Structure formats: C-alpha cells, structure tokens
Amino acid sequence: MLQMKNIGALLAVVRAAGNAAVTAAGAGDATAVPGEIIDRAEKGMPQSGVLAIPFTATLAEGETLSVAYTVEEGEEDDLSDANTLASETVVAATGPTGGGTVTGCVEIDVKLRACGRYVRIGYTPDLSASGTDTAALSAVLVCGGMDRLPQ
C-alpha cells in the first residue's frame with residue numbers, strides 16, 4: 001500500500017556525478033566527468049538503481065551525442081580497491097532533420113546487489129560533430145530495494 005501513496009519513501013536519489021557543458025571538438029567533449037563516491041550504507045544498502053543522465057543537446061542533422069559510463073565498486077571509502085562492475089557506451093540522441101535541440105534522459109539499470117559498500121559512477125559525453133554542436137548533462141542515481149524503509 002505504501003507504493004501507491006508514497007513512492008518517495010521507497011527510493012533515494014543521490015548525485016552520481018557533476019554537470020557537464022560540452023562543445024563538439026572543444027571544451028568538455030570526450031572528457032570524463034568524475035563520479036561521486038556513494039556510501040551505500042548511508043542509504044540503507046540499496047540493491048538496485050537507475051543511473052539517470054538528463055541532457056539537452058543542440059545537434060546538426062544526423063550528428064550524435066553518445067555517453068560512456070563506468071560503474072565502480074569497492075569496500076574502501078576512497079575506492080582505492082575499485083573494481084569495474086559495468087562499462088558501456090550508449091547513443092543518447094541523434095540530430096533531427098535540419099538539426100535542432102534534443103532533450104531527454106538516458107536511463108541505465110544498475111545492479112547494486114553485487115557492489116561493495118562504496119560505488120562511483122562516472123560518465124563521458126561525446127559529440128560526433130566537429131565544432132558546432134553543444135550539450136549539457138548531469139547524472140543522478142535513483143536507488144531502491146533498501147534494507148530499511150521508509151528512507
């Protein structure tokens with residue numbers, strides 16, 4: 001019954017990484033955005049999550065915004081023992097006919113059950129054009145399946 005009345009009590013949303021402002025073939029393009037170290041114990045040891053990367057991009061026709069992400073986990077609070085849990089590149093957006101502004105949100109399921117106490121998720125935006133396209137991105141991790149509720 002709690003799900004129907006207060007879904008917020010079942011979830012925790014944490015900042016996963018910093019914001020990025022990207023210009024094709026320029027500032028921020030193909031540049032890693034470091035992730036924040038998240039202490040799962042402070043959030044009730046979530047078992048699963050969704051990495052959400054909202055974006056707004058101005059893209060020339062047929063050009064793309066891709067996002068590479070890496071999920072690292074470990075037991076040390078500085079993640080000096082980090083192991084890569086997942087790493088992939090996804091195409092977030094393609095420029096429309098005639099070019100234009102595209103907005104959206106990349107959503108990636110993250111299995112946290114296998115993670116150590118600490119998790120870090122970084123991302124790297126990449127614009128395929130050579131100088132005219134721009135994008136703005138950020139990243140949050142929506143966590144669920146905690147060992148205690150509500151949050």
Side-chain angles (χ1 to χ4, degrees), residues 7-8 10-146 151:
I7 192 68
L10 304 175
L11 302 172
V13 179
V14 295
R15 178 184 170 110
N19 300 333
V22 184
T23 300
D29 196 17
T31 302
V33 179
E36 304 284 335
I37 295 177
I38 300 165
D39 183 350
R40 291 177 56 227
E42 288 181 0
K43 299 296 177 189
M45 295 303 282
Q47 302 298 300
S48 65
V50 174
L51 171 62
I53 303 175
F55 65 87
T56 298
T58 302
L59 301 171
E61 182 175 342
E63 299 293 347
T64 60
L65 165 63
S66 296
V67 179
Y69 68 91
T70 302
V71 180
E72 298 175 300
E73 60 82 25
E75 294 297 335
E76 298 296 325
D77 63 0
D78 63 355
L79 280 178
S80 58
D81 63 339
N83 295 305
T84 299
L85 186 67
S87 185
E88 186 178 358
T89 299
V90 297
V91 175
T94 301
T97 301
T101 300
V102 182
T103 60
C105 186
V106 175
E107 295 181 18
I108 299 153
D109 291 341
V110 180
K111 294 178 175 73
L112 298 173
R113 181 174 303 208
C115 291
R117 176 173 174 174
Y118 298 94
V119 176
R120 176 173 51 215
I121 305 173
Y123 69 97
T124 302
D126 189 9
L127 292 165
S128 66
S130 60
T132 58
D133 291 357
T134 60
L137 307 90
S138 60
V140 297
L141 181 64
V142 180
C143 301
M146 282 65 99
Q151 287 301 297

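Not measured: the values here are computed from a predicted model.
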**Request:** Run the numbers on Val67 and Asp126 for side chain to side chain contact (heavy atoms under 4.5 Å, CB included), then give the verdict.
**Result:** CA-CA 6 Å; Val67 179; Asp126 189 9; over 6 Å; no
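Side-chain contact check for Leu141 versus Ile121: some heavy-atom pair is nearer than 4.5 Å. Residues Leu59 and Thr64 form no side-chain contact, since every pair of their non-hydrogen atoms from C-beta on lies 4.5 Å or further apart. Looking at heavy atoms from C-beta onward, Arg40 lies in side-chain contact with Pro46 at the 4.5 angstrom threshold. Inter-residue side-chain proximity for Thr124 and Thr31 is flagged as unmet; no heavy-atom pair is nearer than 4.5 Å. At least one side-chain heavy atom of Val119 sits less than 4.5 Å from a side-chain heavy atom of Val71. Taking the side chain as every heavy atom from C-beta outward, Thr101 and Thr56 approach each other to under 4.5 Å. In this structure, the side chains of Leu51 and Glu107 stay at 4.5 Å or more apart for every pair of heavy atoms.
Going from atom CD of Glu36 over to atom OH of Tyr118 covers 14.5 Å, rounded to the nearest 0.5 Å. How far NZ of Lys111 is from CG of Leu85: 9.5 Å, rounded to the nearest 0.5 Å. Taken to the nearest 0.5 Å, the OG1 atom of Thr94 stands 9.0 Å off from the CG atom of Leu65. Atoms OH and OG1, from Tyr69 and Thr89 in turn, are 9.0 Å apart once rounded to the nearest 0.5 Å.
For Tyr123 (side chain) and Gly18 (main-chain N/O), a donor-acceptor pair under 3.5 Å exists by modelled atom type. Checked by atom type and distance alone, the side chain of Asp29 pairs as donor or acceptor with a backbone atom of Leu127 at under 3.5 Å. Panel note: side chain Asp133, backbone Ala60; a donor-acceptor pair is recorded below 3.5 Å. Judged by distance alone, with hydrogens and angles left aside, the side-chain atoms of Gln47 form a donor-acceptor pair with the main-chain N or O of Met45 at under 3.5 Å. With hydrogens and angles ignored, the 3.5 Å screen pairs no side-chain donor or acceptor of Glu73 with any backbone N or O of Cys115. Distance alone, capped at 3.5 Å, is enough to place a donor-acceptor pair between the Asp81 side chain and the Glu75 backbone. Ser128 places no side-chain N or O within 3.5 Å of a backbone atom of Glu63 that could act as its donor or acceptor partner.
The two residues Gly131 and Thr23 make their nearest non-hydrogen contact at O-CG2, 4.2 Å. Across all non-hydrogen atoms, the minimal contact from Phe55 to Ala93 is CE1-CB, 3.7 Å. Here the closest non-hydrogen pair linking Leu112 and Cys143 is CD1-SG, 4.4 Å. Heavy-atom minimum distance, Leu11 versus Gly144: CD2-CA, 4.2 Å. Considering all non-hydrogen atoms of both residues, Asn19 and Ser138 come closest at OD1-CB, 3.1 Å. Looking at every heavy atom in both residues, Val91 comes nearest to Ser66 through CG2-OG, 3.8 Å.
Each of Ile108, Val13, Val110, Asp109 was compared with Val50 under the side-chain contact (heavy atoms from CB on, under 4.5 Å) criterion, and only Asp109 meets it.
Residues satisfying the salt bridge (Lys or Arg N to Asp or Glu O under 4.0 Å) criterion with Arg120, sequence neighbours excluded, are Glu72. With sequence neighbours left out, the salt bridge (Lys or Arg N to Asp or Glu O under 4.0 Å) criterion links Asp39 to Arg117.
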